[in-house]
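To keep things clear, I will list the structure first and then write my remarks on it.
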Protein chains: 2
Amino acid sequence: MKVKKEITIYDIADKLGVSTATVSRALKNNPSTSLSTRKKINAMAESMGYRPNLFASSLRSQKTHTIGVILHELNSSFITSVLAGIEKIASEAKYNLIIVHSAESVALEEVNARNLFNKRVDGVIASLSSDTENLSHFQQFQNKNIPVVFFDRVFEKSDDAKVIINNFQAGYDATAHLIEQGCRRIAHITSSLKRNVYSERMRGYKQALLDNNLKFDEKLVVVEGLKEEDATRAAKQILALKTLPDGIFITNDFCAAVVMQVLKDAGIQIPRDIAIVGFNNDNIGKVVSPKLTTINYPGFEMGKVAAHNLINHLKGVWDLSLSSTVVIKSELIIRESSLKKASTSHK
Amino acid sequence: MKVKKEITIYDIADKLGVSTATVSRALKNNPSTSLSTRKKINAMAESMGYRPNLFASSLRSQKTHTIGVILHELNSSFITSVLAGIEKIASEAKYNLIIVHSAESVALEEVNARNLFNKRVDGVIASLSSDTENLSHFQQFQNKNIPVVFFDRVFEKSDDAKVIINNFQAGYDATAHLIEQGCRRIAHITSSLKRNVYSERMRGYKQALLDNNLKFDEKLVVVEGLKEEDATRAAKQILALKTLPDGIFITNDFCAAVVMQVLKDAGIQIPRDIAIVGFNNDNIGKVVSPKLTTINYPGFEMGKVAAHNLINHLKGVWDLSLSSTVVIKSELIIRESSLKKASTSHK
DNA sequence: AAATATTATGCAACCGATTACTATTTAGAA
DNA sequence: TTCTAAATAGTAATCGGTTGCATAATATTT
């Protein structure tokens, strides 16, 4: 099997009797080449099947036109939406993406960061994995002036650029809604409190209790992972309480779905006995019974904003350090799982 | 803000008074360097904060040590598992991945293929989007002897390397199980029959009917997309039938979950009135009521096999063209949604 | 018509690592 | 001790674009 030799600008230059400099400029539509040669060269490149060698280009120009995206996971529709938002903006601006995910592990996150660094990405968009304790593995980017935008899972106190929702408010709204539905003993199932998203939501939960003269009870807070077995364990922990709660605010829709399943299997009626509010507005919420009340997490918007700000910074038309934090609107979506007042029983 | 200059092998060579050739060899642990200089050089590289310039390396060696992965989508746990399998094998072999997804669109798939091609990946692993009609955009890889392994969504008649399950058998098993449960009028909700996975499952469905003396009825087959609104439409189409079916084989778990929801909302009891079998063994199947009977799709295994075969081919210890098709085992997982015989009613 | 400005192109160094080939040193064999 | 082979290391060309600077060609101004 023989392989056709790769066409280079030298081949094009030879064929047309011009210099490689002219070819290079023409292919980039550099205005210091005449329109006629530009057309001639582009036509020839096309007909010869030329494809640019990005390594040579990046080596020389020290630019890759590539953005690295570090995701904590990629199994939720939230993350998929974020990605879609990033892709939309990036492709419009002719930036390529390298997408990596850390499977919720710092170790992998560090490896991923290193890889992106070695691949010389021009910028980074990242969401932290659940056990990340510090941002030292992002220092390498700052040392080289490679901009980083965090989204969703961030360190709120750092002054890095970030795109988030108001998790405190969302947690508050979710809890207040349960209270408004008549719940008086509200449990909270959440995940690693190292992560801003979860600690903030919990802060909102506490504040809502406080504002409604309900006592915060540590025994009603369950901290677990986000996988099926974690959620099952969390549900069992709830079931083991001496007095069952009459409402649960769960920080993730998939978890909420699993918890609901376990509770239903134990004969509990939702929302009559226990009302449930989830978080994320994942697809899953619409196919469980009862349908899940949740917080809509505007992933597509977040992705667009993150990519937009990063790329504008790269282009020099915007300075990321000026507005470090962008807060995107989120909102409560009320479905059946929390409607205690109008409760028709579900099994 | 000043940026430290990038360290190159020239800097290391200067510092130690050796040639760049020696440095290059030492960093690669080439045995034609003495152990002592090798140690000296690696230590110096480490202390100077050297990082290899992959562009220079790839430019010169014409190898990228990178595998491109084209996914039709990335929102199912099946795809996530495949990815995990690929990543496991690739990282063990020190290959990098570039993951792209086509959002079920040929147009995007073509762009993605082109991008991977221009990035000069050493090999490709791909699953086709729902409307791909031919493999012409993969021709470019073959022309350059870049190996491609397809998985899941493939062209079965082509002799490209591929990793699949026996979709015919799975469709047969799913349908036979419904028949065994007493169903006599079985509908089938599926997606683009251009895709082998769906057409083969349907072939299995038909064959199972035939083998059990049940007539195939075109009106009982609904072809739709895989999104929520598509599934809703499919369910409504079922509900609009003059005579309702007593069983449905649905080619995707998420669709099945949505369909179940719509049917339940219409007052139909599952599995008593209609028994349901899904496909994929997605997480969602465990949190719907009743829990979903489905076909387990061994994504992790498929990913591992695809990556393994590709990398071995790249290393020259294996020839992909020798065993073009690998079939991975799949199996029926029986849960509640299909158990008509032992039916306790679910609402 | 001469002087100046503008436009288009070429020259050649450069980005950083790899590697075929050559040279030197050292060890082992005769 | 002399010669050959093996072990190390160096030289320099190469991968394919990019770009500052110089030059030539053409247009504009005076």
Side-chain angles (χ1 to χ4, degrees), chain A residues 3-42 44-45 48-66 94 96 117-122 144, chain B residues 3-42 44-45 48-66 94 96 117-122 144:
Chain A
V3 173
K4 267 173 285 175
K5 196 195 147 293
E6 200 66 47
I7 304 297
T8 71
I9 56 170
Y10 291 88
D11 301 319
I12 300 175
D14 278 357
K15 208 92 166 192
L16 292 174
V18 296
S19 71
T20 60
T22 303
V23 174
S24 174
R25 292 187 189 109
L27 290 172
K28 283 262 145 47
N29 283 317
N30 184 319
S32 80
T33 54
S34 76
L35 213 67
S36 60
T37 51
R38 217 186 295 174
K39 263 200 287 197
K40 204 172 50 181
I41 287 172
N42 279 294
M44 179 58 78
M48 293 177 79
Y50 168 77
R51 60 169 180 161
N53 186 315
L54 301 179
F55 301 122
S57 170
S58 295
L59 174 59
R60 177 59 228 244
S61 65
Q62 306 281 9
K63 287 261 167 317
T64 61
H65 244 245
T66 297
K94 307 235 177 220
N96 288 115
F117 186 65
N118 285 340
K119 289 231 175 79
R120 309 280 212 275
V121 294
D122 290 347
K144 287 254 168 342
Chain B
V3 173
K4 266 174 286 174
K5 195 196 148 295
E6 200 66 45
I7 305 297
T8 72
I9 56 171
Y10 292 90
D11 302 319
I12 300 175
D14 277 358
K15 207 91 165 196
L16 292 174
V18 296
S19 73
T20 60
T22 303
V23 174
S24 174
R25 287 192 274 248
L27 290 171
K28 283 261 145 48
N29 284 316
N30 183 320
S32 82
T33 54
S34 76
L35 213 67
S36 61
T37 50
R38 216 185 296 174
K39 263 199 288 199
K40 204 171 54 182
I41 287 172
N42 278 295
M44 179 59 77
M48 292 177 80
Y50 167 78
R51 60 170 180 160
N53 187 314
L54 302 180
F55 301 123
S57 170
S58 295
L59 174 59
R60 177 59 228 246
S61 65
Q62 305 282 11
K63 287 260 167 314
T64 61
H65 245 244
T66 296
K94 307 233 179 222
N96 288 116
F117 185 65
N118 285 340
K119 289 233 175 81
R120 309 275 212 278
V121 294
D122 290 347
K144 287 256 170 338

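In what follows, chains carry the letters A, B, and so on, assigned in the order in which the sequence lines appear, proteins first and then strands, with residues in each chain numbered from 1. Bear in mind that the values here come from a model prediction, so they are computed numbers and not experimental data.
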Just verifying a value: how many Å separate [X] [atom1] and [Y] [atom2], rounded to the nearest 0.5 Å?
| X | Y | atom1 | atom2 | answer |
| --- | --- | --- | --- | --- |
| B:Asp14 | B:Thr20 | CG | OG1 | 9.5 Å |
| B:Arg60 | A:Leu59 | CZ | CG | 13.0 Å |
| A:Lys15 | A:Ile7 | NZ | CD1 | 7.5 Å |
| A:Ile12 | A:Met44 | CD1 | CE | 8.0 Å |

Can you confirm whether [X] sits close enough to [Y] that some side-chain heavy atom of one is under 4.5 Å from a side-chain heavy atom of the other?
| X | Y | value |
| --- | --- | --- |
| B:Asp122 | B:Thr66 | no |
| B:Lys144 | B:Arg120 | no |
| A:Phe55 | B:Thr64 | yes |

message: Regarding A:Ser32, tell me which of base, sugar-phosphate or nothing describes its non-hydrogen contacts under 4.0 Å with the strands shown.
response: base

message: I'd like to compare against my own output: the B/S/- annotation of nucleotides 10-19 of chain C with a strict under-4.0 Å heavy-atom distance to protein.
response: BB-BBBBBBB

- prompt: How large an angle, rounded to 10°, do the end axes of the helix from C:dA1-D:dT30 to C:dA30-D:dT1 enclose when each is built from five base pairs?
  reply: 40°

Starting at [atom1] of [X] and ending at [atom2] of [N], how long is that distance when rounded to a whole Å?
| X | N | atom1 | atom2 | value |
| --- | --- | --- | --- | --- |
| A:Met48 | D:dG16 | CE | C1' | 14 Å |
| A:His65 | D:dG17 | NE2 | P | 17 Å |
| A:Ile41 | D:dG17 | CD1 | P | 13 Å |
| A:Asn30 | D:dT18 | CG | P | 11 Å |
| B:Lys40 | D:dA9 | NZ | P | 8 Å |
| B:Leu16 | D:dA9 | CG | C1' | 14 Å |
| B:Asn118 | D:dG17 | CG | C1' | 14 Å |

query: Has A:Thr37 got a side-chain N or O lying under 4.0 Å from the OP1 or OP2 atom of C:dA8?
result: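 No, no such contact exists.
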
Within 6.0 angstrom of B:Lys119 NZ, more than 12 heavy atoms from elsewhere: yes

field: Pairs involving residues 21-30 of chain B, ordered by first then second residue, that meet side-chain hydrogen bond (donor to acceptor under 3.5 Å, both in side chains) (sequence neighbours left out)
entry: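 Pairs touching residues 21-30 of chain B that pass the test: B:Ser19-B:Thr22, B:Asn30-B:Ser32.
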
